[in-house]
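Read through the structure below, which is laid out as structure tokens, and then see the notes.
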Amino acid sequence: MLYEACRVEVEHRQRQFNATDEYKRHLWDISQWLTSTSPTFGLFLCGGAGNGKTTILRALQNLVNFLRDDEYPRDDEYPVRGYMIVSAKELVRLAKAYNNPTQDNKADVYKYRQLRSIEILAIDDLGTEPRESIHYGDFVTAAMDILSHRYEEQFCTLVSSNLSANEIATYYDERIADRFREMMHIINFGGAKSFRNN
């Protein structure tokens with residue numbers, strides 16, 4: 001099902017789906033993780049640009065939505081049922097609003113609260129955002145804050161990044177890297193050839 005969801009996602013963007021054997025192995029590994037009793041509650045897709053990591057996050061979202069189409073969330077559920085994708089750069093913008101709420105940014109504050117408590121959150125392109133930024137004199141470490149919160153709550157968090165698992169400690173800090181090792185099942189795409197070059 002995941003393979004077909006990826007194929008549909010690629011063809012929806014008017015591209016030809018040409019899965020390599022390595023890509024199929026990654027999909028198989030993800031499928032095994034999804035159906036296992038593994039204590040990991042996150043997925044880290046890492047490696048070079050253009051090798052299908054974001055496509056997989058979107059395909060998983062479509063697959064989850066399809067499989068749960070007949071389920072209706074209740075207002076009192078925690079975590080909130082659903083699957084959301086956010087880019088790491090957008091996460092910073094939303095975190096700034098959350099840290100300094102105003103009348104003008106209340107929609108962004110609400111969205112950030114959703115991201116914190118959604119059942120499945122996918123953060124795309126982790127490491128493209130500034131590690132920390134200053135907003136009205138406050139330091140904002142958006143990715144580290146939300147990853148730490150979701151780690152503590154053990155909410156399912158999916159991440160794609162061009163950073164390797166070892167580079168997470170260098171870019172963020174060892175505490176985040178250590179939490180990644182505990183919570184994430186790591187799929188390393190390495191230097192696989194970009195599909196965009198075809």
Side-chain angles (χ1 to χ4, degrees), residues 9 40-47 49-50 53-62 64-65 68 71-186:
E9 181 61 33
T40 58
F41 50 94
L43 183 65
F44 182 45
L45 308 177
C46 57
K53 299 181 300 291
T54 300
T55 296
I56 290 172
L57 294 181
R58 290 180 180 151
L60 281 168
Q61 182 181 41
N62 291 334
V64 167
N65 289 342
R68 295 176 128 193
E71 296 178 20
Y72 299 99
R74 296 188 326 263
D75 291 338
D76 62 341
E77 283 184 317
Y78 187 77
V80 177
R81 187 174 301 171
Y83 183 131
M84 293 176 74
I85 299 176
V86 65
S87 73
K89 287 183 178 179
E90 175 73 358
L91 186 60
V92 171
R93 190 182 70 74
L94 297 172
K96 287 178 178 181
Y98 179 78
N99 289 347
N100 292 284
T102 67
Q103 273 302 109
D104 294 334
N105 68 11
K106 61 183 176 182
D108 289 343
V109 171
Y110 176 76
K111 184 170 182 184
Y112 187 81
R113 283 189 182 130
Q114 279 186 303
L115 296 176
R116 284 173 53 91
S117 62
I118 195 80
E119 183 182 21
I120 304 168
L121 174 64
I123 303 172
D124 192 27
D125 285 333
L126 188 74
T128 59
E129 84 290 357
R131 181 183 175 275
E132 60 185 25
S133 56
I134 299 175
H135 186 66
Y136 294 112
D138 294 331
F139 280 98
V140 177
T141 52
M144 292 193 303
D145 292 347
I146 205 159
L147 286 167
S148 293
H149 172 78
R150 295 183 65 80
Y151 168 82
E152 293 298 331
E153 297 292 331
Q154 296 195 344
F155 294 159
C156 183
T157 308
L158 315 176
V159 175
S160 77
S161 180
N162 291 349
L163 297 174
S164 70
N166 293 334
E167 291 170 324
I168 292 294
T170 305
Y171 193 80
Y172 297 102
D173 61 25
E174 182 54 37
R175 180 179 58 92
I176 291 296
D178 191 51
R179 290 178 175 192
F180 259 57
R181 286 187 283 273
E182 180 183 343
M183 73 189 279
M184 300 286 187
H185 178 70
I186 300 170

> Would Lys89 and Asp125 satisfy side chain to side chain contact (heavy atoms under 4.5 Å, CB included), going step by step from the backbone distance to the final call?
Replying inline: CA-CA 8 Å; Lys89 287 183 178 179; Asp125 285 333; over 6 Å; no
Original post:
Is there a side chain to side chain contact (heavy atoms under 4.5 Å, CB included) between Phe180 and Val159 once you walk through the steps?
Top reply: CA-CA 10 Å; Phe180 259 57; Val159 175; 4.3 Å; yes
Inset, instruction - List the steps and the verdict of side chain to side chain contact (heavy atoms under 4.5 Å, CB included) for Leu158 and Leu45. - result: CA-CA 8 Å; Leu158 315 176; Leu45 308 177; over 6 Å; no
Verdict with reasoning, Ile146 to Ile123, per side chain to side chain contact (heavy atoms under 4.5 Å, CB included)
CA-CA 10 Å; Ile146 205 159; Ile123 303 172; 3.9 Å; yes
I would like to know whether Asp124 and Ser160 meet side chain to side chain donor-acceptor pair (under 3.5 Å); could you show each step before the answer? CA-CA 5 Å; Asp124 192 27; Ser160 77; 2.4 Å; yes
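Considering only residues two or more places apart in sequence or on other chains, Tyr171 meets the side chain to side chain contact (heavy atoms under 4.5 Å, CB included) condition with Glu129, Arg131, Leu163. Partners of Ser148 according to the side chain to side chain donor-acceptor pair (under 3.5 Å) rule, which considers only residues two or more places apart in sequence or in another chain, are Arg175, Arg179. When the side chain to side chain donor-acceptor pair (under 3.5 Å) test is applied to Thr170, no partner is found at least two apart in sequence or on another chain. Take Glu182 and apply the side chain to side chain donor-acceptor pair (under 3.5 Å) test, not counting sequence neighbours, and it matches Tyr151. Legend: residues meeting ring-ring contact (aromatic ring centres under 6.0 Å, His included) with Tyr83, ordered by chain and number and at least two apart, are absent. Not counting sequence neighbours, the partners of Phe155 by the ring-ring contact (aromatic ring centres under 6.0 Å, His included) test are Tyr78. Remark: Arg113 pairs with no residue by the salt bridge (charged side-chain N to carboxylate O under 4.0 Å, His left out) rule, at least two apart or across chains. The side chain to side chain donor-acceptor pair (under 3.5 Å) search around Glu90 returns Arg93, not counting sequence neighbours. Not counting sequence neighbours, the partners of Lys106 by the side chain to side chain contact (heavy atoms under 4.5 Å, CB included) test are Gln103. Looking at residues two or more places apart in sequence or on another chain, you find a ring-ring contact (aromatic ring centres under 6.0 Å, His included) between Tyr98 and Tyr112. For Ala177, the side chain to side chain contact (heavy atoms under 4.5 Å, CB included) partners two or more places apart in sequence, or in a different chain, are Ile168, Ala169, Glu174, Arg181.
Of the inter-residue distances, the one linking Ile120 atom CD1 with Ile85 atom CD1 reads 10.5 Å to the nearest 0.5 angstrom. Within the model, atoms CG of Leu43 and CE of Met184 stand 8.0 Å from one another, a figure rounded to the nearest 0.5 Å. Atom CG of Leu60 is separated from atom OG1 of Thr55 by 11.0 Å, given to the nearest 0.5 angstrom. A distance of 7.5 Å separates CG in Leu121 from CG in Leu91, rounded to the nearest 0.5 Å. To the nearest 0.5 Å, atom OG1 of residue Thr102 and atom CG of residue Asp108 are 9.0 Å apart.
Between Gln114 and Val80, every side-chain heavy-atom pair lies at or beyond the 4.5 Å cut-off. Under the 4.5 Å side-chain criterion, counting only non-hydrogen atoms from C-beta, Asn162 is in contact with Lys53. Looking at Met84 and Lys111, their side chains come closer than 4.5 Å, going by heavy atoms from C-beta outward. Residues Tyr172 and Leu147 fail the side-chain proximity criterion, which asks for heavy atoms closer than 4.5 Å.
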